[in-house]
Structure formats: C-alpha cells, structure tokens
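Here is how names work: the chains are called A, B, and so on, in the same order as the sequence lines, proteins then strands, and each is numbered from 1.
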There are 2 protein chains.
Amino acid sequence: MNMTPPRTRIQRKNRKTILDAALEVFSQHGFRGATLDQIATQSGLSKPNLLYYFPSKEVVHITLLSTLMETWLDPLREMDPDGDPVEEILAYVRRKLEMSRDFPRESRLFANEIVQGAPRMQTALATDLKGLVDDKAVVLRAWADAGKIAAVDPHHLIFSIWALTQHYADFDVQVQAVLGPDRDPYAEAEAFLRTLFTKLLAP
Amino acid sequence: MNMTPPRTRIQRKNRKTILDAALEVFSQHGFRGATLDQIATQSGLSKPNLLYYFPSKEVVHITLLSTLMETWLDPLREMDPDGDPVEEILAYVRRKLEMSRDFPRESRLFANEIVQGAPRMQTALATDLKGLVDDKAVVLRAWADAGKIAAVDPHHLIFSIWALTQHYADFDVQVQAVLGPDRDPYAEAEAFLRTLFTKLLAP
DNA sequence: CCTGATCTTGACCGGATGGTCAAACCGCAA
DNA sequence: TTGCGGTTTGACCATCCGGTCAAGATCAGG
C-alpha cells in the first residue's frame, strides 16, 4: 500500500489518531522507551492495525519528527527583517514561549531526540535548521551593525531564546517542583524573559 | 551481601567501574534505552558479575542519580551570601558552564530523567533541590531589595542560569550542527553569558 | 444484494532483555 | 595442602516487544 498521500477519509483519520497517540507516548518515554502496545492502546487501535498504517515503529517516529519540524521552526521564520528589531525579537521570544506552553509534547519529543544525539535527525539539523538559523543570523548581525540592537553573537542569541523558552516545557517537572503548586510558571516566565531580552538587546 | 558501605578494595573498584560505564550508557540512551549488556560490555565485566554488585538495573540508575545530585548542586551551594552579588552570580554561571563542558554525561543523565517526568527523582526534586533553591532565592531577593542587583524574580533567574548553561551540554549535537565545526561553543558561550547576565543584573 | 477492495484482528514468531543459579575460580590464612 | 570467604561466569529462564499472517469484518460502487 502506498501511503503518500493518504487516500481515503478513514486513512486520514486513523493516521492522524496514531500520530497523536505516538506523540503522547514518544514525548513521554523517548523512542526506545515507547512501545507499539502503548501507542496502540493510546490510539484505541490494535497493534496490527497500527502497523497497517505505518510499516514500523521507526517510521511513525520519523514521520512525527519531520512533520513537526516545520511547525517548530515557523516562529523563527516569521521574524521579519523589515520590522522593528527589538520588537521582532521579543515577539519571537513570546511565540516560542507560547509554543512551550501550548505544545509541550512536541518540545519534549525533540528534546528526547536531541539529548540522545539526534540519531534520526542529524541531516535535518545540519540542513534545514542550520540553513534557517544562518539566514536569521545574517539579519541579526545587520541589526547589530546598524546599532539597532546591542552587539551580541547572533547564533548564541538564538540559542539563548531556545534554551530559555524550551526549558519551561522540557523541564516542566523540575520547574513545578521548585516553584510549588501556587504559581503560574508561564505568566512569570513571560515577564521575566521580556525584561531579560529588553536589557540584553538595548543598544 | 550488604553493599553499604563497600567492604573490599575490589568492591570499591568494580562498583566505580560499573557506575562510570553506566553513566556513559544511561546518558546516551536513557534508562529504558540502555541495556545491561551494554553496561557490562562498557565496563569490561560480565552481566552476572555486574548484577553481583548491584541487585538490578534500576538500582544502578538510582545510585548514579543520587550520587551525582550532590556534585550537581555544589556550584549553587558555593554562591556566597556575603560576597559581591554580581560577582557571585557571574561566578556561579561560570562554574555551571564549566560543568556542562567538563561533565556533559552527567548533564544529559539528568536531562533524560527530567524530560521524561523524573519518575525516579520526584522526591529529590521536591526536597533537596527545592530546599536549596528556596534558600538561595532568599539571598537573591535580599540582594535585589538592597539595590545590589536588578529586581528580577530569583527563581526564574536561577532557571535561566540552568537553562542557558545546560543547553550547551544537553543539546550539544544541535549546537554543533548549527555552529559548524570551526567554532568553540563553550568559549563563545562564556563571553555571551557574561554579557547577558551583566546586563540583566545591573541595578 | 453482490462483489471486490479496504480495513481489522487474534494468534503467533523470533530475537532481545532483565534477571537467576549452580558451579567454578581465586587469593590467602591455618 | 586444605578450607573458606569473596568473586566470576556459562547456561538458562520468563517476559517483553517489534513485526507477520491469514482469516474475518466492513464498506463502497454497481
């Protein structure tokens, strides 16, 4: 059966169901820690049925990663070279933090993969990701050279945005454990990060 | 056999060998992804011999986590309430970054565990970690109230230090992929982070 | 209603994996 | 040499897990 693109209504629905269940399970246990039975149970399908829609566990995982990679990079793509520099960067930070808040599973899926050496993403990192980041680094450097923002290394600026925003999704249990139950991590993080990047970027 | 504390010279040596091999394997593959055979091979011992020194895979893992937790928190403990505030915080950032550079396996071991919900560390996080952080948060708040550093949320300040420094160890492949082979991530990070925190903390 | 294609599943398979055990091995003191 | 802790291991076991398969259920078009 050729699965690209899906033909029938039923195929579209079931593939979507499976990918959602797989996201839940993979993001919680990592590739190796997740089992087909868990994904099958989570999706409400039988294991053989799951393997009717995807040829193997690995293909499910890879499908998830490549599908979500696009979404994941969108906030950075939206950073407009013609906009106001500080505003654009702060907006990027805000969008990225919202993604951590609204899509923590996606964040953890990538975190799991990358912490373990990204065995199934190497090429995507070195091509798509590096390409986009290098592009935006040029923009950031131009802004710095024009005195619109402070002169900071563009790549490390981007790393700092990733690190600070994804931390709240990836290390959620730790954040919760340290802050206790009566606080709102994301609301506080938004204020904190706005302050941090405002101060960092002021020329 | 009672293993606490280890009796003979041979026991101390072998337990150490095993824990080092386990750190290598667990940090690379996570708990579920690591196998006893891998750890046995890595340590140069046979699998049954390994299980002569530790009763189960999980005990090896837990032993690693609790042993390393101490080391991991040391840099924060060293932050001196009586020192110069900005200097103390910058020194903490530097120590933490050095730990990422010199002990990336330890960093990834924790990252793996926490991303997956810290199933074997919950209590340690809520007691040891929260306790220490809350202590230091009091110190930071006092510094802020005294006008020695800018008024930022102490907990999120600590989170930001963790996020920014551990990022270079935990997401090493990504950093390498984006920066390319001809740069020195840690040297650059040290300069970038000094700038960042200097600006953030200036009263 | 009939028929062929699509979808679903219980039963099963082979290999991996955590863990056990009895036997062997080793260094050393009497 | 013998005896005795402490140490090491080959062989083995039960379970888990990714994946297969053949047969049955369901659905859409005529």
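When each of D/dT20, C/dT8, D/dG18 is scored by its nearest atom to the side-chain atoms of A/Pro48, the top-ranked nucleotide is D/dT20. Comparing atom distances between the B/Lys47 side chain and each of C/dG18, D/dT8, D/dG19 picks out C/dG18 as nearest. Distance from the side chain of B/Gln11 is smallest to D/dT7 among D/dT9, D/dT7, C/dC7. Distance from the side chain of A/Asn49 is smallest for C/dT8 among the nucleotides C/dT8, C/dG19, D/dA11. The side chain of A/Thr35 lies closest to D/dG18, out of C/dG18, D/dT8, D/dG18. In the set D/dT8, D/dG19, D/dA28, the nucleotide with an atom closest to the side chain of B/Tyr52 is D/dT8.
Contact annotation: A/Asn14 side-chain N/O to C/dT6 OP1/OP2 distance is not under 4.0 Å. The side chain of A/Tyr53 contributes an N or O atom lying less than 4.0 Å from OP1 or OP2 of C/dT8. Side-chain nitrogen and oxygen atoms of A/Arg32 include none within less than 4.0 Å of the OP1 or OP2 phosphate oxygen of D/dC16.
For B/Asp128, the salt bridge (charged side-chain N to carboxylate O under 4.0 Å, His left out) test picks out no residue, with sequence neighbours left out.
In summary, of the residues considered (B/Arg105, B/His29, B/Gln42), a side chain to side chain donor-acceptor pair (under 3.5 Å) with B/Glu24 occurs for B/Arg105 alone.
Ion pairing of B/Glu190 with B/Arg194 is present here, as a side-chain N (NZ or NE/NH1/NH2) and a carboxylate O approach within less than 4.0 Å. Taking 4.0 Å as the cut-off between side-chain N and carboxylate O, A/Glu87 and A/Lys148 do not count as a salt-bridged pair.
When heavy atoms are screened at a 4.0 angstrom cut-off, B/Leu45 is found touching no nucleic acid atom at all. Among the protein residues, B/Leu36 comes within range of the sugar-phosphate backbone only, with heavy atoms under 4.0 Å from sugar or phosphate atoms but none that close to a base. The residue A/Ala34 sits close only to the backbone: its heavy atoms come under 4.0 Å of sugar-phosphate atoms, none of a base.
If you measure from atom CZ of A/Arg9 to atom P of C/dC7, you get 11 Å, rounded to the nearest angstrom. Remark: P of D/dC13 and CG of B/Leu51 are 18 Å apart, rounded to the nearest angstrom. For the pair A/Phe54 CZ and D/dG18 P, the computed distance is 16 Å after rounding to whole Å.
Between A/Phe31 and A/Ile10, it is A/Phe31 whose nearest contact on DNA chain D lies nearer the 5' terminus.
Counted by atom type alone, A/Arg120 and A/His61 present one or more donor-acceptor pairs between their side chains at under 3.5 Å.
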